[in-house]
Amino acid sequence: MRKRILPILFTVVIVYCLAFPLRMAESVADGLTLWYHSILPTLLPFCIFSNIIVQTGIYDRALTRLAPLFQVFYPVKSPLIYPLIAGFLFGFPIGSKICADLCHAGKISSREAETVSCISNNFGPAFLYNYLFRKIFSGQLPAAAVYAACYLPPLLIGRFALSRLYSDERVPKKKKDSLFNCRSTAGKKKNEKPTSGSPVSMKILDAGIMDGFSTMVKLAGYIILSALMADMIRSLPLQNDLLQCISVGLIEITNGINYVSQLSAGLIPKALLTVGIVNLGGISGLMQTHSMMRETGFRLQHYLAFRILCSLAGLLLMGIILRMC
């Protein structure tokens, strides 16, 4: 089935680009503008720093000491504290990028990387405040309620997923190695664990910069593709504004939220729509995560199932919040 769908999909996109070159150019320009003004300056420094931090292990000792205190609240091993916190603070897809780097460095298993990338791949507080709180809710709901509806579902579902993961690790060693070792096409050298606390050399610095820009270029490509797909949906003769909002939001978050803000609807449908869209992550987010985690044995269906559960849990939580307010 997939062998038939992909050629048809690409043919439709190519025909659309040839038939509407002006709209195609405008949607690509919009995607590049979003990438250049919002994504690149926000995420590039953290991509560079995260690669250097993982390769040098400069925070390994501090995280090891912090782990017993952190594990009182959340059951993760010390190397996973950094991607978990960074993913929530700095925004998508930093969490999955750091998990992939840690997996390649041999500090965590592929299943740990997959699970924590599911938990930490969220949009940062700045994005939620600017795009959700100000654009959709306009002071009608407290910011804490918006953050709770977006952040509590992945944390709670992730806690259950981590508990299940660590219980599965008690299987015999040979079986565990075949299930949990990080698989990388870059060869064994990529999985060698760096010395903890090793100095930041020019070689590591150069590698971190190149890795950061490589990641940003990949994100630019996926953002352009999602902007083009969103424009194709907007050009369809859909008379139902709600259906168009959902369709665009399923592809790309920013355009979806912008469409929801223009809906002539009340607070409740707008709140439920935005929380459901944001917690799901969209096709663009799915492709970007797969790109970050591609060489770690990442299972796309598990990530998708996790995000669907987060979306449903977010809708339920937002519904409860709206009834209480």
Side-chain angles (χ1 to χ4, degrees), residues 50 53-54 57 59-60 62-124 147-173 175-183 191 193 278-281 285-286 289-290 292-314 316-317:
S50 68
I53 288 169
V54 170
Y59 292 144
D60 284 0
L63 291 175
T64 301
R65 293 175 181 176
L66 180 64
L69 178 63
F70 195 88
Q71 287 167 357
V72 173
F73 305 98
Y74 216 74
V76 290
K77 297 177 181 178
S78 58
L80 295 168
I81 296 175
Y82 173 52
L84 194 64
I85 294 175
F88 278 90
L89 289 181
F90 307 140
F92 171 87
I94 289 293
S96 58
K97 175 67 173 62
I98 299 173
C99 286
D101 289 342
L102 287 169
C103 188
H104 294 323
K107 295 185 176 183
I108 62 175
S109 69
S110 63
R111 293 298 170 260
E112 286 177 318
E114 179 182 84
T115 304
V116 175
S117 71
C118 291
I119 302 168
S120 62
N121 253 4
N122 301 286
F123 293 90
Y147 291 143
C150 293
Y151 290 152
L152 279 180
L155 282 172
L156 296 176
I157 297 170
R159 187 182 180 89
F160 171 79
L162 283 168
S163 300
R164 184 177 178 183
L165 169 66
Y166 291 138
S167 66
D168 289 344
E169 283 189 335
R170 298 189 183 96
V171 297
K173 192 174 186 342
K175 187 177 180 182
K176 183 178 78 172
D177 289 342
S178 65
L179 285 173
F180 290 91
N181 280 350
C182 184
R183 301 191 296 272
N191 286 327
K193 188 174 180 178
V278 167
N279 283 6
L280 186 61
L286 197 68
T289 302
H290 187 266
M292 298 295 107
M293 301 287 292
R294 183 167 50 91
E295 297 176 351
T296 66
F298 178 74
R299 296 170 296 179
L300 191 63
Q301 66 274 20
H302 284 223
Y303 180 84
L304 180 59
F306 187 95
R307 298 317 306 184
I308 290 173
L309 285 175
C310 288
S311 183
L312 295 174
L316 178 62
L317 185 56

_Let me confirm one number: the CG-CZ distance from L312 to R307, rounded to the nearest 0.5 Å._
12.0 Å

*Side chains of L286 and L280: closer than 4.5 Å at any heavy-atom pair?*
no

*For R111, does its backbone N or O pair with a side-chain atom of R299 as donor and acceptor, under 3.5 Å?*
no

_Minimum heavy-atom distance between R159 and F73, given as atom pair plus value_ = NH1-O, 2.6 Å

_What I'd like to find out is whether the side chain of N122 reaches to under 4.5 Å of the side chain of C150, using heavy atoms alone._
no

_Run the side chain to side chain contact (heavy atoms under 4.5 Å, CB included) test against L317 and tell me which residues pass, sequence neighbours left out._
L152, P153, I321

*What is the minimum heavy-atom distance between S110 and C103, and which atoms define it?*
CA-SG, 3.8 Å

_side chain to side chain contact (heavy atoms under 4.5 Å, CB included) partner of S311, the single match among N279, L316, V278_ = N279

_Separation of I119 CD1 from F306 CZ (nearest 0.5 Å)_ = 5.0 Å

*Which distance, rounded to the nearest 0.5 Å, do you find between the CD of E112 and the OG of S117?*
11.5 Å

*asked:* If you count every heavy atom of other residues, nucleotides or ligands that lies below 6.0 Å from Y59 atom OH, does the total exceed 12?
replied: no

_Heavy-atom side-chain proximity of E114 to Y303 below 4.5 angstrom_ = no

*Sidechain-backbone polar pair: Y74 side chain, L155 backbone, donor-acceptor under 3.5 Å*: yes

Which pairs of donor and acceptor atoms, one on a side chain in residues 83-102, lie under 3.5 Å apart (sequence neighbours left out)?
unit_1 : atom_1 : unit_2 : atom_2 : d
S96    : OG     : P93    : O      : 2.9
S96    : OG     : N121   : OD1    : 3.4
K97    : NZ     : D101   : OD1    : 3.1
K97    : NZ     : D101   : OD2    : 2.7
K97    : NZ     : D211   : OD2    : 2.4

_So, using side chain to side chain contact (heavy atoms under 4.5 Å, CB included) as the criterion, who are the partners of A67 when residues are at least two apart?_
Q71, S78, I81

*Say you draw a straight line from CD1 of I308 to CD of Q301; how long is it, rounded to the nearest 0.5 Å?*
11.5 Å

_Test your reading of the model: is there a side-chain donor-acceptor pair from K107 to the backbone of V54, 3.5 Å cut-off?_
yes

*State the CZ-CG distance between F70 and L63, to the nearest 0.5 angstrom.*
9.5 Å

